[in-house]
Amino acid sequence: MEFERKTESDVDVILLKGDMDSHTSPKARDFFAGILKEGKKKIVVDLDGVKYISSAGLATLIEVFQKMHRYGGSLKLCGMNETTKGIFEIAKLDSIFAIYETKDKAVAAFSS
Amino acid sequence: MEFERKTESDVDVILLKGDMDSHTSPKARDFFAGILKEGKKKIVVDLDGVKYISSAGLATLIEVFQKMHRYGGSLKLCGMNETTKGIFEIAKLDSIFAIYETKDKAVAAFSS
Amino acid sequence: MEVNIGQNQVLLQIKSDDRYLRLVRTMVEEISLLAGFAPHDISDIVLAVDEACANIIKHAYGGDKSKDIFIKLSLLSSGIEVILKDYGRKVSPEKMKGRELDEIRPGGLGIYFMKKIMDSVQYITRDSVEGTELIMVKYVKKCG
Amino acid sequence: MEVNIGQNQVLLQIKSDDRYLRLVRTMVEEISLLAGFAPHDISDIVLAVDEACANIIKHAYGGDKSKDIFIKLSLLSSGIEVILKDYGRKVSPEKMKGRELDEIRPGGLGIYFMKKIMDSVQYITRDSVEGTELIMVKYVKKCG
Ligand SMILES: Nc1ncnc2c1ncn2[C@@H]1O[C@H](COP(=O)(O)OP(=O)(O)O)[C@@H](O)[C@H]1O
Ligand SMILES: Nc1ncnc2c1ncn2[C@@H]1O[C@H](COP(=O)(O)OP(=O)(O)O)[C@@H](O)[C@H]1O
């Protein structure tokens, strides 16, 4: 997996690239641990580069979601494809996460 | 494999879709046999939908090329991707076939 | 695992190493395509088999990357059968059940996915035989 | 073929049916990716193995779709080894050579591709052993 991080106004945008399975998720977990340490309150995770996500990838995102929630931060997701959207739906996580079509919409949602 | 056929002025444009390997090439051979029977003189084969071609696929195209040559017809190819272009090059067929980047250029070449 | 396969079967043997999961997924994708499944079903089946393999690596083999996993894929007349064989820790098949989704927590989704996606999910252990066999079947639905 | 594989190996068993070639290709692609090959090399390796399998089906098994092909892929420290085992008609390894390209004709490119692409291509037959083993190796080039 590859990770790209940039800031748009006061929002941290994380672009993930690669499959999020049980092989790659530990790396994603480490990456997010570093970011959460900074106590970031507004994070957008862009899944545009993620073709596949398994329960291990979902677990990583749920962990980020819950940890941020605990310190009053908020996580938004965007850029899902048909496959990843379907997997969120089977897991009934589409109603738990704040999911946006595009990165711009997700970023904008923080200031509305 | 799938085949689409259309006519642009007096040129027959054949769009191929799918991998051209030893499994699919017999179908392609049959398809072309039907077209060559009509004695078509100007044919463009658009490989835009072909992600992969093996020696079996090349053999099919060489056969079309040679049969058309015998009755005074001419075959042009277009729409190759990096992979298929590479395979034509290893086989040194890039100098044998008339290869164009786009379908429009291949069709236009017939009237120049 | 026997080494005879039928005309409609392929057999893949890998080590219990997560880095081979991608390979397993592409293989399941190709066979599901041959079986005539729709794209939506194909990604589901890929997910189910990925979860099953990941569970074998994590639970049956406790993360030991050096053990064997056999994956036999069969094209049925209208569907696909996946058999996963491991030689690891046995758990009684009744214990292999997914949790409810009402609680949001990381983990515990694998078996839920498998049961939700496949038409049949069956864990088989035998006293005289090492390890576990997992048999999953999914049929091509004609409409919908 | 033995059923023991090493940590860096995967073993695929298929029937000698052309419809499984796509599956073989995606599998070779995935392992070549793990081996660290560049995209250009990966499509070449995929081609070489596809040609080798197609030859087994066509020549060693004469088109009989019901026979076995074993494909063992090994990640080397810097490259990939592909072993293809069939139980079909044997041909003396010296006869397995590609033709020159000066003549343009359909066919006869398979072995040429394999030798052009791989760093080593070796056919092995033994009097006491059924069929043929084909061993191909390609190394990751550091530059160029
Ligand atoms: N192949 C297996 N071998 C042994 N135990 C397993 C296996 N698969 C699943 N289990 C058990 O079933 C439980 C639920 O599995 P699952 O729903 O995939 O969630 P998770 O793996 O995240 O715990 C696991 O925690 C484990 O105890
Ligand atoms: N696996 C094999 N078993 C037996 N003979 C083979 C095998 N592979 C290749 N050959 C022989 O070598 C020849 C050249 O093979 P190749 O270069 O792939 O061209 P083609 O298959 O188009 O003839 C074949 O025609 C065949 O006689």
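Chain identifiers are assigned alphabetically (A, B, ...) following the order of the sequence lines, protein sequences preceding nucleic acid strands; residue numbering begins at 1 within each chain.
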Heavy atoms of R105(D) and Q66(B) approach each other most closely as CA-NE2, 4.1 Å
Would you say Y139(D) has more than 12 foreign heavy atoms packed within less than 6.0 Å of its OH?
no
Is atom CD of E2(B) surrounded by more than 12 heavy atoms (other residues, nucleotides or ligands) closer than 6.0 Å?
no
Please lay out, stage by stage, how S22(B) and L21(D) fare under the test side-chain contact (heavy atoms from CB on, under 4.5 Å).
CA-CA 8 Å; S22(B) 68; L21(D) 288 179; 3.1 Å; yes
Does E103(D), at its CD atom, have more than 12 non-hydrogen atoms belonging to other residues, nucleotides or ligands within less than 6.0 Å?
yes
In Å and rounded to the nearest 0.5 Å, what is the OG to CD1 distance from S95(B) to I104(D)?
7.0 Å
To check you understand the geometry: which heavy-atom pair defines the closest contact between F113(D) and I90(B), and what is its length?
CD2-CG2, 3.7 Å
Approximate separation, where rounding is to 0.5 Å, of D21(B) CG and E51(D) CD
9.5 Å
Is it the backbone or the side chain of Y52(B) that comes under 4.5 Å from a heavy atom of chain D, or both, or neither?
side chain
Which answer fits L61(B), side chain, backbone, both or neither, if we ask what part of it has an atom under 4.5 Å from a heavy atom of chain D?
neither
Which residue is it: L58(B), I62(B), T60(B)? I am looking for the one with a side-chain contact (heavy atoms from CB on, under 4.5 Å) to P106(D).
I62(B)
In this structure, are over 12 heavy atoms from other groups packed under 6.0 Å from R19(D) atom CZ?
yes
Is it the case that over 12 heavy atoms from other parts of the model lie below 6.0 angstrom from the CD atom of E38(B)?
yes
Closest heavy-atom pair, S54(B) versus L47(D), reported as atoms and distance to 0.1 Å, is CA-CD1, 3.9 Å
Check the surroundings of atom CD in E130(D): do more than 12 heavy atoms from other residues, nucleotides or ligands lie under 6.0 Å from it?
no
Would you say D127(D) has more than 12 foreign heavy atoms packed within less than 6.0 Å of its CG?
no
Calculate, to the nearest 0.5 Å, the distance between atoms NZ and NZ belonging to K92(B) and K116(D) respectively.
4.5 Å
Has K67(D) got more than 12 heavy atoms of other residues, nucleotides or ligands less than 6.0 Å from its NZ?
no
Point-to-point distance, once rounded to the nearest 0.5 Å, from CG of D50(D) to CG of D19(B)
8.5 Å
Contact part of I117(D) toward chain B, heavy-atom cut-off under 4.5 Å: side chain, backbone, both or neither?
side chain
